[in-house]
Amino acid sequence: MSALSIFALSYTAIALTFAASLIYAFLKDGTTPKSDSTSWLVIAVGSAFWAIALPISLIHRYGSSFSVSNRFSSIHPQQGHYSAL
């Protein structure tokens with residue numbers, strides 16, 4: 001099995017898993033009509049570009065816990081960011 005086919009299989013498997021989680025969340029959401037074609041388009045595009053959409057989704061879901069300035073605020077609590085000495 002070539003590296004390209006392994007990459008293609010991995011990409012497809014992750015995209016399908018990501019699509020399933022998007023569809024599950026969409027179907028549980030009671031505020032969006034299921035007949036809205038724009039929502040289905042967002043799911044399709046998000047699934048195709050999961051390598052970009054997944055990190056953005058994680059940042060959106062977990063908020064500022066991914067923020068660099070929050071990691072360094074414990075080092076320099078007065079400044080709220082890291083500064084080189």
Side-chain angles (χ1 to χ4, degrees):
M1 188 174 255
S2 72
L4 183 60
S5 62
I6 291 173
F7 174 77
L9 285 173
S10 300
Y11 186 91
T12 303
I14 294 170
L16 290 174
T17 303
F18 190 64
S21 67
L22 287 175
I23 291 171
Y24 177 75
F26 176 66
L27 293 176
K28 283 185 65 176
D29 183 14
T31 61
T32 305
K34 307 308 178 237
S35 60
D36 184 17
S37 60
T38 305
S39 298
W40 290 106
L41 179 66
V42 168
I43 289 174
V45 171
S47 299
F49 297 104
W50 67 265
I52 298 169
L54 185 59
I56 292 171
S57 298
L58 290 174
I59 290 169
H60 178 71
R61 177 166 177 111
Y62 295 107
S64 62
S65 64
F66 286 104
S67 173
V68 172
S69 64
N70 282 348
R71 285 189 218 142
F72 291 121
S73 65
S74 62
I75 296 171
H76 297 288
Q78 306 89 333
Q79 297 172 352
H81 64 279
Y82 177 77
S83 62
L85 297 176

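The model shown is predicted, which means the values in this text are computed figures rather than measured ones.
- Side-chain heavy atoms closer than 4.5 Å link hydrophobic residues (I, L, V, M, F, W, Y) into clusters, and following such links, even through other members, never connects Ile52 to Leu16.
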Let me see the working for Ser21 and Tyr24 under side-chain contact (heavy atoms from CB on, under 4.5 Å), right down to the final yes or no. CA-CA 5 Å; Ser21 67; Tyr24 177 75; 5.5 Å; no

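- Between the CH2 atom in Trp40 and the OG1 atom in Thr32 there is a gap of 11.0 Å [rounded to 0.5 Å].
- Hydrophobic cluster membership differs between Trp50 and Val42, with clusters built from Ile, Leu, Val, Met, Phe, Trp and Tyr side chains linked at under 4.5 angstrom.
- Scanning both residues, Phe18 and Gly46, for their nearest heavy atoms gives CE2-O, 3.4 Å.
- Connection of Tyr11 to Ile14 is established within a shared hydrophobic cluster, with ILVMFWY side chains joined at heavy-atom distances below 4.5 Å, either directly or through further cluster members.
- Within 6.0 Å of NZ on Lys34 lie more than 12 heavy atoms contributed by other residues, nucleotides or ligands.
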Give the intermediate values and the outcome of side-chain contact (heavy atoms from CB on, under 4.5 Å) for residues Leu22 and Phe26. CA-CA 6 Å; Leu22 287 175; Phe26 176 66; over 6 Å; no

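- The shortest non-hydrogen separation linking Ser47 to Ala15 is O-CB, 3.4 Å.
- Taking both residues in full, the closest heavy atoms of Ala51 and Pro55 are given as O-CD, 3.3 Å, listed atom of the first, atom of the second, then distance.
- Judged by distance alone, the side chain of Thr12 and the main-chain N or O of Leu9 form no donor-acceptor pair under 3.5 Å.
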